[in-house]
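In what follows, a structure is listed as structure tokens, so that the remarks can point back to it.
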Number of protein chains: 2
Amino acid sequence: MVLAPSFDGLSEDFKVLSDKTRLRIIGLLRLKEQCVCDLTEVLQISQPGVSQHMRRLKQVGFVKERKDGQWVYYSLNTEHPLLMLLLPQWPAHPEDEERLLQSKGCRV
Amino acid sequence: MVLAPSFDGLSEDFKVLSDKTRLRIIGLLRLKEQCVCDLTEVLQISQPGVSQHMRRLKQVGFVKERKDGQWVYYSLNTEHPLLMLLLPQWPAHPEDEERLLQSKGCRV
DNA sequence: AATATATATAATAATATAATTATATAAGAC
DNA sequence: GTCTTATATAATTATATTATTATATATATT
């Protein structure tokens, strides 16, 4: 299976992967689905910043979203060929994982 | 084997892959090593443009260079884990391959 | 209905990127 | 040495990216 039908699409995929914050987000989604508020807490950037990153990740099909009440949960799209190729070798980010465990969570 | 020791290095790798022209260059190097002048002719961008792309590809270790007289031949670095992971599924670019065949070549 | 919480979008500003042209360097030919 | 060819670097410009703040929307709670 080929990574993408054209270099235009493929370069777009790589552009989305070319930002460190988005790599961290993928690293967190690899553990389990996450809502925007938890990601905001772990990444320590503004909430709109997170939402914009999620939009880009969704645009190229790396993530799916699931709405539950006022929360939006994002998870990795296991149908994406490039993402699935990369994921088994994805590096860990111990600081983020630690902070995720310690985050109190925004759900009541 | 992990793709990179940190997200900093990995995002840098993806940044280099996030440009369509550089994906085309990798596609051409996949066929055989190429000198700057041949790449310039096939890609139809300026020669300094090609040199700058090659510099970025070299910086992250995607390509190696070999000097032969006044020519510099670039080839893919088969030691690079990410590149080697991607390469088997690399898309073809028939127009570039066609133009490479028809290019007269800069060697005398 | 009013308020609070979660998320998305718009506007903006700082920085990065990629192309070009101009110039420098280095090797080969005469 | 001078001229030509191949490549690299510097300077510049146009565009893209990513962060922020301000605001809008949508759901839940009271």
Side-chain angles (χ1 to χ4, degrees), chain A residues 7-26 28-29 33-60 62-75 103-108, chain B residues 7-26 28-29 33-60 62-75 103-108:
Chain A
F7 285 150
D8 285 300
L10 191 54
S11 65
E12 201 51 48
D13 284 1
F14 286 132
K15 205 179 293 285
V16 171
L17 294 171
S18 74
D19 179 84
K20 190 190 167 186
T21 302
R22 287 191 291 269
L23 297 187
R24 291 171 66 198
I25 291 171
I26 292 173
L28 290 164
L29 296 183
E33 64 173 10
Q34 306 286 347
C35 63
V36 175
C37 53
D38 282 343
L39 291 172
T40 303
E41 188 171 343
V42 174
L43 299 170
Q44 310 209 85
I45 62 171
S46 67
Q47 173 269 312
V50 174
S51 279
Q52 288 181 66
H53 284 305
M54 298 322 294
R55 179 157 49 138
R56 298 210 60 187
L57 286 163
K58 203 172 59 172
Q59 271 169 353
V60 296
F62 286 152
V63 306
K64 296 178 298 185
E65 75 175 40
R66 172 176 78 82
K67 285 191 181 158
D68 181 14
Q70 54 192 325
W71 295 280
V72 178
Y73 289 92
Y74 288 97
S75 59
S103 85
K104 50 179 173 28
C106 47
R107 273 86 63 250
V108 191
Chain B
F7 285 150
D8 285 299
L10 191 53
S11 65
E12 200 51 47
D13 284 1
F14 285 133
K15 205 179 292 286
V16 170
L17 293 171
S18 75
D19 179 84
K20 190 190 167 186
T21 301
R22 287 193 288 270
L23 297 187
R24 292 170 66 198
I25 291 172
I26 292 173
L28 290 164
L29 296 183
E33 63 173 8
Q34 307 286 346
C35 63
V36 175
C37 53
D38 282 342
L39 292 172
T40 303
E41 188 170 343
V42 173
L43 300 169
Q44 308 208 83
I45 61 171
S46 67
Q47 173 269 311
V50 174
S51 279
Q52 288 180 66
H53 284 305
M54 298 322 294
R55 179 157 48 138
R56 297 210 61 186
L57 286 163
K58 205 173 57 173
Q59 272 170 352
V60 296
F62 286 153
V63 305
K64 296 177 297 184
E65 74 176 39
R66 171 176 79 81
K67 284 192 184 161
D68 180 14
Q70 54 191 323
W71 295 281
V72 178
Y73 289 92
Y74 287 96
S75 59
S103 85
K104 50 181 173 26
C106 48
R107 273 87 62 252
V108 191

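Letters A, B, ... are given to chains in the order of the sequence lines, protein chains preceding strands, and every chain is numbered from 1. Predicted model, so just to flag it, every value in this text is computed and none were measured.
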Exercise. Can you check the K15(A) NZ to dA16(D) C1' distance for me, whole Å?
Worked result: 8 Å
Exercise. Is it true that a side-chain atom of K64(B) and a backbone atom of S75(B) form a donor plus acceptor pair closer than 3.5 Å?
Worked result: no
Problem set entry | Protein-nucleotide distance (I25(A), atom CD1; dT7(C), atom P), rounded to Å | 13 Å
Exercise. Are the side chain of K20(A) and the backbone N or O of F7(B) linked by a donor-acceptor pair below 3.5 Å?
Worked result: no
Problem set entry | Between dT7(C) (P) and R66(A) (CZ): distance, integer Å | 12 Å
Problem set entry | Listed partners of R55(A) passing salt bridge (Lys or Arg N to Asp or Glu O under 4.0 Å), at least two apart | none
For this session: Round to the nearest Å and state the distance from R22(A) atom CZ to dA19(D) atom C1'.
Result: 12 Å
Problem set entry | Annotated protein contacts, base or backbone, on nucleotides 7-13 of chain D with a non-hydrogen cut-off under 4.0 Å, one of B, S, - each | BBBB---
For this session: Identify the two heavy atoms, one from L28(A) and one from Q34(A), that lie closest to each other, and give their separation to 0.1 Å.
Result: O-NE2, 3.4 Å
Exercise. Roughly, in whole Å, what's the span from CG in L39(A) to P in dT7(C)?
Worked result: 9 Å
For this session: Keeping the roles fixed (side chain from S51(B), backbone from P48(B)), state whether a donor-acceptor pair exists under 3.5 Å.
Result: no
For this session: Check the distance between dA19(D)'s P and R56(A)'s CZ and give it to me in whole angstrom.
Result: 11 Å
Exercise. Starting at the 5' end of DNA chain D and moving along, which residue's nearest nucleotide shows up first, G69(A) or Q44(A)?
Worked result: Q44(A)
For this session: For I45(A) and dT21(D), give me the distance from atom CD1 to atom C1', rounded to whole Å.
Result: 14 Å
Exercise. Does R22(A) reach the main-chain N or O of V16(A) with its side chain, forming a donor-acceptor pair under 3.5 Å?
Worked result: yes
